[in-house]
**Student:** 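Quick one: the structure is below, questions incoming.
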2 protein chains.
Amino acid sequence: MAMIRKPDDDAVQPGLLTELIGYNLRRAQMAVFGDFHRILESEDIRAAQFAILEILRRNPGLRQTQAGTALGIKTANFGPMFDGLERRGLVERRSIAGDRRAKGLFLTDAGTHMLGRLDDQVTAHEQRFAARLGLGGKSQLLGLLHRLSDPAFDTSY
Amino acid sequence: MAMIRKPDDDAVQPGLLTELIGYNLRRAQMAVFGDFHRILESEDIRAAQFAILEILRRNPGLRQTQAGTALGIKTANFGPMFDGLERRGLVERRSIAGDRRAKGLFLTDAGTHMLGRLDDQVTAHEQRFAARLGLGGKSQLLGLLHRLSDPAFDTSY
DNA sequence: TATTGTTATACTCTATAACTATA
DNA sequence: TATAGTTATAGAGTATAACAATA
């Protein structure tokens, strides 16, 4: 067998990519979400569904458009996602007095209990990653991330 | 018309979500990628395809498994993604002397030129977001993100 | 036996457009 | 006319499993 040099994966030169904020955001998100998904598996729900449940815990009675806007989910996609949760009895739509087009969204008791079962695990997950960031690292990170997501920090206009 | 109070979108209480590192990573990534996608539209390519082109610019001759591993794309998915670029003449597979299973991946001249056309726009995009982060903010952010994506910082084992 | 890559397939998420019903 | 929500549909991205060829 000839001694063809097999390139080592570690020897891949990162180049421009690792200098890009967006690429590094994606890598970090993959790591954090991978861990988070493992937790949600225990209740067989997805991250997007968890976000819906969580925002309804804090804001019972929200309308679909509001919940969707707050989470960055389009109206046309929110409906089917919510249907899945409703079929499992975790949430419910209630009619709103005064506007027969809109519906108020609520957690059921089953939904509330599921979130309760996840609370400790989610807290542990969060603390694991906060620990990686060191003292004050998390609040520093969140501050920087808000500058990226908040259009008010865009000075290019 | 009755004076039903229509809840204001701004009044949605964020709750737990905005305390989660993962959720804030996602929001920031949506903002940065939204801007980035607008740039890539001009050449009609996707972010994942850009990443493939970019890593081949720096690492010509990479094998599929290596490129996929480096970018976090599974082997079974890398092939079809690469096919799309190859059909457009931006990249090519070449046989490797000594291993008839593997193929070396290369940019074509067309692929190199496309990356060249994007360079200035990508740099401008990057500077826009770096500006939002303030002096030293970007290197601070990248340092924190690496702690999240690098398993070596996981102290929970 | 292990590795490189392909094929098939399914699911989630995202995006757009056309539509109904109410306001 | 505008708004709340639904339906249909298409595309990208991700995941697993089975497979062929080669090492």
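Residue numbering restarts at 1 for every chain, and letters A, B, ... go by the order of the sequence lines. Small disclaimer: the values here were computed from a predicted structure and weren't measured.
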**Student:** Can you spot which of B:Q121, B:Q49, B:R117 makes a side chain to side chain donor-acceptor pair (under 3.5 Å) with B:E43?
**Tutor:** B:R117
**Student:** Would you indicate, yes or no, if D:dG13 has its OP1 or OP2 atom less than 4.0 angstrom from a side-chain nitrogen or oxygen of B:K74?
**Tutor:** no
**Student:** Using the closest heavy atom to pick a nucleotide of DNA chain D for each, name whichever of A:R26 or A:R93 lands nearer the 5' end.
**Tutor:** A:R93
**Student:** What is the distance from CD1 of B:I73 to P of C:dT4, rounded to the nearest Å?
**Tutor:** 17 Å
**Student:** Could you check how far CZ of A:R94 sits from C1' of D:dG5, rounded to whole Å?
**Tutor:** 19 Å
**Student:** Taking only the side-chain nitrogens and oxygens of B:R46, find out if one of them lies under 4.0 Å from OP1 or OP2 of D:dG13.
**Tutor:** yes
**Student:** Ignoring hydrogens and angles, answer whether the base of D:dA4 and the side-chain atoms of A:D99 contain a donor-acceptor pair closer than 3.5 Å.
**Tutor:** no
**Student:** Rounded to whole angstrom units, what separation is found between the CG atom of B:N77 and the C1' atom of D:dG11?
**Tutor:** 14 Å
**Student:** Which whole-number value in Å describes the distance from A:R63 CZ to D:dT6 C1'?
**Tutor:** 17 Å
**Student:** List, one per line, each side-chain donor-acceptor pair under 3.5 Å for residues 74-85 of chain B, sequence neighbours excluded.
**Tutor:**
unit_1, atom_1, unit_2, atom_2, d
B:D83, OD1, B:R93, NH1, 2.9
B:D83, OD1, B:R93, NH2, 3.2

**Student:** Can you measure A:D44 atom CG to C:dC11 atom C1' for me and round it to whole angstrom units?
**Tutor:** 12 Å
**Student:** Are A:R94 and A:F106 in a cation-pi contact, defined as NZ or CZ under 6.0 Å from the six-membered ring centre and within 45° of the axis?
**Tutor:** yes
**Student:** OP1 or OP2 of D:dT3 less than 4.0 angstrom from a side-chain nitrogen or oxygen of A:T65, does that happen here?
**Tutor:** no
**Student:** Give the rounded distance in Å between these two atoms: CZ of A:F78 and P of C:dT12.
**Tutor:** 17 Å
**Student:** Does a side-chain N or O from B:Q49 land closer than 4.0 Å to OP1 or OP2 of D:dA12, or not?
**Tutor:** no
**Student:** Just say parallel, tilted or perpendicular for the rings of A:H125 and A:F36, cut-offs at 30° and 60°.
**Tutor:** tilted
**Student:** B:Q66 has an atom CD; how far is it from atom P of C:dG5, in whole Å?
**Tutor:** 8 Å
**Student:** For DNA chain D, whose closest nucleotide is more 5', that of B:R101 or that of A:A102?
**Tutor:** A:A102
**Student:** Could you tabulate the donor-acceptor pairs under 3.5 Å formed by side-chain atoms of residues 109-116 of chain B, not counting sequence neighbours?
**Tutor:**
unit_1, atom_1, unit_2, atom_2, d
B:T112, OG1, B:T108, O, 3.0
B:H113, ND1, B:D109, O, 3.1

**Student:** B:Q29 has an atom CD; how far is it from atom P of C:dC13, in whole Å?
**Tutor:** 15 Å
**Student:** How would you label the contact of B:A48 with the nucleic acid (heavy atoms, under 4.0 Å): base, sugar-phosphate, or nothing?
**Tutor:** sugar-phosphate
**Student:** For C:dT6, does either OP1 or OP2 sit under 4.0 Å from a side-chain N or O belonging to B:Q64?
**Tutor:** yes
